[in-house]
Each structure stands twice: as structure tokens, then as C-alpha cells.
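Pasting a structure below so you can have a look.
All values below come from the heavy atoms of this structure, side chains included, with hydrogens, waters and symmetry mates left out. In each ligand, atom 1 is the first atom listed, and ligand 1 is the first ligand listed.
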Amino acid sequence: MNGILRLVIENPLDTAIRPVLSVVVPTFNERDNVIKLFEKLKATLEGIAWEVLYVDDNSPDGTWEVVRDLARRDGRVRCIRRIGRRGLSGACIEGILASCAPYAAVMDADLQHDDTQLPRMLSLLQSGTAELVVGSRYTAGGSAESFNKQRASASAFATELAKRVLRVEIADPMSGFFMIRRDRFEQLAPQLSIQGFKILLDIIATARGSLKTLEIPYRFGSRLHGESKLDPMVALDFLGLVLAKITNDAVSLRFLMFAMVGGTGLFVHLGTLFVALRFFDLPFGKAQAAGALVAMTTNFILNNFLTYRDQRLKGFAILRGLAAFYPTCGVGLFANIGVAFSIYEQEPIWWLAGATGALIGVASNYALSGLFVWRRR
Ligand code: GDD
Ligand code: MN
């Protein structure tokens with residue numbers, strides 16, 4: 001082959017400087033913060049080849065437009081706009097995997113995390129002193145003074161629980177501010193949960209002590225603009241994550257919530273049955289059918305608000321979802337009765353047959369709902 005041609009093929013024209021550090025910033029309604037954060041990063045990371053990826057879940061305030069605009073003006077900025085999805089952990093995972101720098105940092109958009117720690121975090125990784133560096137509020141020199149009492153005690157409780165149950169040893173496993181080696185992250189990524197807020201805890205618990213981890217203190221500041229997205233439901237996500245990790249991912253939060261919602265359906269069913277018999281004088285068959293219909297409907301609504309809140313159906317999609325949910329439950333009921341019967345025939349223990357049937361029914365409903373009702377768009 002011609003020498004020059006070979007040279008070109010082996011060394012494609014490559015003028016862009018490859019970033020060493022990717023800063024991943026999940027955003028939801030952070031329109032007023034993203035530029036300010038970029039300016040800060042520019043000053044702090046002077047002399048380092050870096051890039052910033054904002055991962056925006058199609059914020060109603062148009063954060064992605066502001067980021068897109070910024071990206072047009074500066075090649076170090078990238079915007080990932082996700083449609084029909086919500087979730088802090090999922091956004092961080094997607095951001096890190098969309099970059100190629102050997103080191104990735106995750107931080108909030110609202111300036112609560114201290115960007116001036118980034119160079120130090122990077123050099124700790126580059127020198128091999130650590131594979132994961134965590135910005136910590138709870139080691140000497142760190143603080144979370146912007147927390148109100150309620151949030152401070154919730155945070156302390158969750159941290160304690162995580163440490164005991166998951167045997168996580170660092171002081172601040174709930175931190176949302178950290179930097180990690182890409183290769184280590186890529187190894188763990190397939191096992192991480194995209195649901196929830198606690199990606200760092202997930203990384204540490206999944207690595208099971210195999211990640212060389214270092215904490216450095218920082219002061220968790222106050223949010224610049226906008227408001228926190230951490231709502232009480234985050235606590236549920238957290239419990240789900242803990243449960244998933246102790247059962248080695250056998251039990252997912254979604255399944256647990258789905259089953260719990262199913263449990264409430266029983267009460268709704270009995271309540272409706274009672275009202276239909278007592279106050280509407282319906283014959284038993286019709287009353288029982290009404291109970292089932294009402295219970296399926298409330299189950300659908302609860303699942304749409306809780307179990308699948310990150311993929312919540314809205315508008316017309318609600319009707320379409322409901323129309324798919326009824327037959328899904330029908331199949332579940334069929335499986336339930338079929339399994340219960342065959343167990344009962346072999347071993348006439350009523351509660352064993354009943355409980356196994358119910359479990360199979362829930363599992364079937366869950367699997368089919370994920371496929372036909374709340375399917376990923
Ligand atoms: N893409 C995306 N999707 N981003 C989200 C979502 C979402 O569903 N929810 C929140 N974010 C973004 C916010 O826009 C913000 O940039 C960042 O994630 C953190 O959300 P905040 O609402 O500011 O959370 P916080 O300040 O109450 O708590 C944060 O800091 C704690 C302490 O470090 C979180 O990072 C916690 O996980 C952390 O414990
Ligand atoms: Mn914040």
C-alpha cells in the first residue's frame with residue numbers, strides 16, 4: 001500500500017483534543033443554572049482536557065434548549081435530551097456511557113456540589129491512588145449546612161441503613177458528587193439500576209468492596225436557582241435499591257411495588273363487592289365482576305402513579321394503557337387459577353395452592369404489563 005495512504009488510514013485526521021475528564025450533569029428544570037455551572041467548570045478545569053455532558057429529561061422549562069445553544073458555541077459542551085424517561089440514576093449512567101474520557105465525574109447542575117474539588121479528584125484517580133473518589137459531606141471538613149432538620153435526619157438514617165445492611169463502608173454513600181474510572185464503571189454498568197436517585201450507593205454496593213475508594217470532604221452548598229426534585233417517593237426508591245442489592249437483584253423495586261399495589265386491590269375488590277351487594281342489590285356474580293373491574297382500575301391508577309411513575313402514561317395513553325391492562329389481568333387470573341388447581345390436585349393444601357397461584361398471577365401481570373401497558377417508548 002502506498003505509504004501516505006497507509007499513514008492516513010492508521011492515523012485518521014484527528015485534530016480534536018480527546019477529553020480526559022467527562023463531567024456528567026443530570027438536569028431537570030435547571031435552565032437558570034446550566035450556564036453558570038459551565039462558567040465555573042471553565043475556570044476550575046483550566047489546563048485539563050474536559051467536556052461536560054448535560055443529560056436532560058426533556059425539561060418543561062427548556063433546559064435542553066439552553067444547553068444546545070451553549071453546545072453550539074463551545075465544543076466542550078454536549079447535550080443529551082431524553083424523551084419519555086425520568087430518573088437521576090438512569091441519566092447519569094447514560095451520560096457516562098455516552099462519553100469516552102478515561103475519567104467521569106457526576107455532579108448536580110444547581111451548584112450545590114463544589115466544582116473546585118474536581119482537579120484534586122482527577123489527580124487522585126490519575127495517580128492510581130483511587131478508582132472512585134467521592135465528594136463527602138460527612139467526613140471531617142465536609143458539611144451539609146443547607147439541609148433543614150428533616151432532610152438532615154432522613155439523610156442520616158438512610159446512610160446508616162445503607163452502611164449496616166449493604167456493608168458499605170464510606171461515610172457518605174448517598175453523595176451525588178463523585179468521579180470514577182471509566183473502565184471500572186463500564187464493568188459495573190450492566191448491573192446498575194436506572195431507577196432512583198442513589199447511583200453512587202448502587203455503584204459501591206454492586207462493586208462489593210472491589211473499588212478502591214477515597215472520600216474527600218466538601219461543603220454541600222445551597223441550590224442556586226429552582227427547586228430540589230427529591231420528593232418523598234425517593235425514599236421508596238431507596239428502599240427498593242437496598243432490597244435489590246441484598247437479594248442479589250432477585251427482587252426488583254418495581255416488582256415489589258407492583259405486588260403491593262396488587263395487595264391493595266384485594267381490599268378495593270372486597271369493598272366494592274360489599275357496596276354492590278348491600279346498597280345496589282346486585283346478584284353475587286355481577287357484584288363480584290364489579291369488584292374485579294374496580295380493583296383492576298384502581299390498581300392501574302396506582303401503578304401508573306407509583307410503580308411506573310418514571311414512565312407515567314398521560315392523556316390518551318392512559319385509556320390505551322387501561323384497555324391493555326384489563327386483558328393482562330385476565331391472563332394473570334387464568335394463570336393463577338390454573339397453577340393453583342394443579343398444585344391442589346397433587347397436594348390438597350389450600351393455602352399453598354392459593355398462595356402459589358396468586359404469586360404466579362402477580363408475576364404474570366407484572367411481566368405482561370411491562371410488555372404491553374407501560375412498555376418503553
Ligand atoms: N435527567 C434528570 N432526570 N435529572 C434529574 C432528575 C431526573 O429525573 N431528577 C433530578 N435531576 C437532576 C437535577 O436537575 C439536579 O441537577 C440533580 O439531578 C440533583 O437533583 P436535586 O433535585 O438538586 O437533588 P438534591 O440537591 O436534593 O440532592 C442531590 O444531592 C445530594 C447530596 O449530594 C442528589 O444528588 C442526591 O442524590 C444527593 O444525595
Ligand atoms: Mn441539588
Item to complete: Tell me, please: is F177 in heavy-atom contact with ligand 1, that is, under 4.0 Å?
Response: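 No, F177 has no heavy atom closer than 4.0 Å to ligand 1.
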Practice prompt. Using a strict 4.0 Å cut-off to heavy atoms of R223, name the atoms of ligand 1 that fall inside it.
Written response: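 Near R223, meaning under 4.0 Å from one of its heavy atoms, ligand 1 has 21 (P), 22 (O), 23 (O).
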Worksheet, complete the sentence: Of all protein heavy atoms, the one nearest atom 35 (O) of ligand 1 is D108 OD1, 3.1 Å
Worksheet item: Taking all non-hydrogen atoms of both residues, which atom of D57 and which atom of R86 are closest, and how far apart?
Response: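 Heavy atoms of D57 and R86 come nearest at OD2-CA, 3.3 Å.
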Worksheet, complete the sentence: closest protein heavy atom to atom 12 (C) of ligand 1 is P26 O, 3.4 Å
Item to complete: Just jot down the ligand 1 atoms closer than 4.0 angstrom to any heavy atom of S228, in number order.
Response: 22 (O), 24 (O), 25 (P), 27 (O)
Discussion item. I'd like to know if D56 pairs up with R81 as an ion pair, taking the criterion as any Lys NZ or Arg NE/NH1/NH2 lying under 4.0 Å from an Asp or Glu carboxylate oxygen.
Written reply: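 Here D56 does not pair with R81 in a salt bridge, since their nearest N and O are not under 4.0 Å apart.
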Discussion item. Under a 3.5 Å distance rule, please check whether T298 uses its side chain to pair with a backbone N or O of A295 as donor and acceptor.
Written reply: yes
Worksheet, complete the sentence: The protein heavy atom nearest to atom 15 (C) of ligand 1 is E30 OE2, 3.3 Å
Practice prompt. Examine the proximity of ligand 1 to V55 and report which part, side chain or backbone, both or neither, has a heavy atom under 4.0 Å away.
Written response: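 Only the backbone of V55 comes within reach of ligand 1.
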Worksheet item: Can you tell me which residue and heavy atom of the protein come closest to atom 36 (C) of ligand 1, and the distance to 0.1 Å?
Response: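 Of every protein heavy atom, K198 NZ, 3.7 Å lies nearest to atom 36 (C) of ligand 1.
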Practice prompt. Identify, by atom number and element, the atoms of ligand 1 in contact range of Y218, meaning under 4.0 Å from any of its heavy atoms.
Written response: 33 (O)
Worksheet entry | Angle subtended at the Mn ion (ligand 2) by D108 OD2 and Q112 OE1, rounded to 10 degrees | 110°
Worksheet entry | Flag for S143-Y138: side-chain donor and acceptor within less than 3.5 Å |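 Side chains of Y138 and S143: no pair found under 3.5 Å.
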Worksheet entry | Closest approach of any protein heavy atom to atom 6 (C) of ligand 1, naming residue and atom |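 Here the closest protein heavy atom is F28 CB, 3.9 Å.
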Discussion item. I'd like the atom name of the N/O/S atom in D110 lying closest to the Mn ion (ligand 2).
Written reply: OD2
Worksheet item: Do E51 and S22 have side-chain atoms, one donor and one acceptor, less than 3.5 Å apart?
Response: yes
Worksheet item: Are F274 and L266 grouped together when hydrophobic residues (ILVMFWY) are joined by side-chain heavy atoms under 4.5 angstrom apart?
Response: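 Each belongs to a different hydrophobic cluster.
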Practice prompt. State, without any angle test, whether R182 and S99 hold a side-chain donor-acceptor pair at a distance under 3.5 Å.
Written response: yes
Fill in: Heavy-atom pair of closest approach, residues I93 and S193
CD1-O, 3.8 Å
Practice prompt. Answer yes or no for R137: is there a heavy-atom contact with ligand 1 below 4.0 Å?
Written response: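 A heavy atom of R137 does come that close to ligand 1.
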Worksheet entry | Atoms of ligand 1 close to R86 [distance to a heavy atom under 4.0 angstrom, numbered from 1] |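 Per the distance check, 7 (C), 8 (O), 9 (N).
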Item to complete: Among all protein heavy atoms, pick the one closest to atom 11 (N) of ligand 1 and tell me residue, atom and distance.
Response: L88 CD1, 4.0 Å
Worksheet item: Are any of the N or O atoms of S175 closer than 3.5 Å to those of ligand 1?
Response: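 N/O-N/O distance under 3.5 Å: no.
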Fill in: Short N or O distance, F220 and ligand 1, threshold 3.5 Å exclusive
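N/O-N/O distance below 3.5 Å does not exist for this pair.
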Fill in: Numbered atoms and elements of ligand 1 in range of D110, under 4.0 angstrom, heavy atoms
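Within the 4.0 Å cut-off of D110, ligand 1 contributes 23 (O), 26 (O).
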Discussion item. For R82, is there an ion pair with E94 - N to carboxylate O distance below 4.0 angstrom?
Written reply: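 So E94 pairs with R82 through a salt bridge.
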Practice prompt. Starting from atom 39 (O) of ligand 1, locate the nearest protein heavy atom and write down its residue, its atom name and how far away it is, to 0.1 Å.
Written response: M174 O, 2.5 Å
Discussion item. If you compare all heavy atoms of R76 against all heavy atoms of W50, which two are closest, and at what distance to 0.1 Å?
Written reply: CG-O, 3.5 Å
Worksheet item: Considering distance alone, does some N or O of K229 sit under 3.5 Å from an N or O of ligand 1?
Response: yes
Item to complete: Step through the shown structure and confirm whether more than 12 heavy atoms of other residues, nucleotides or ligands are within 6.0 Å of CD on E347.
Response: no
Discussion item. Which of the numbered atoms in ligand 1 are under 4.0 angstrom from any heavy atom belonging to A109?
Written reply: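 That gives atoms 16 (O) of ligand 1.
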Worksheet item: Is it the side chain, the backbone, both or neither of Q112 that has a heavy atom closer than 4.0 Å to ligand 1?
Response: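 For Q112, the contact with ligand 1 is made by the side chain alone.
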Response to the item:
Within 4.0 Å of some non-hydrogen atom of F197, the atoms of ligand 1 are 24 (O), 37 (O)
Worksheet item: Regarding Q288 and H269, is there a side-chain donor-to-acceptor distance under 3.5 Å anywhere?
Response: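 Side chains of Q288 and H269: pair found under 3.5 Å.
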Practice prompt. Assert yes or no for the condition that the ring centre distance of W64 to F28 is strictly below 6.0 Å.
Written response: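 For W64 and F28, the ring centres are not under 6.0 Å apart.
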Fill in: Which segment of A91 sits under 4.0 Å of ligand 1 when only heavy atoms are counted
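Answer for A91: side chain.
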Worksheet item: Does S228 bring an N, O or S atom to under 2.8 Å of the Mn ion (ligand 2)?
Response: no
Worksheet item: Between D202 and T206, do the side chains contain an N or O donor and an N or O acceptor separated by less than 3.5 Å?
Response: yes
Item to complete: Just jot down the ligand 1 atoms closer than 4.0 angstrom to any heavy atom of H113, in number order.
Response: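 This gives 30 (O), 33 (O) as the contact atoms.
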Worksheet item: What protein heavy atom is closest to atom 28 (O) of ligand 1, reported as residue, atom name and distance in Å?
Response: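 Protein heavy atom with the smallest distance to atom 28 (O) of ligand 1: R151 NH2, 3.3 Å.
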Worksheet item: Less than 4.0 Å between a side-chain N and a carboxylate O, is that true for K229 and E30?
Response: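 Looking at K229 together with E30, the answer is yes, because their closest N to O distance falls below 4.0 Å.
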Practice prompt. Say whether W374 and N303, considering side chains only, have a donor N or O and an acceptor N or O under 3.5 Å apart.
Written response: no
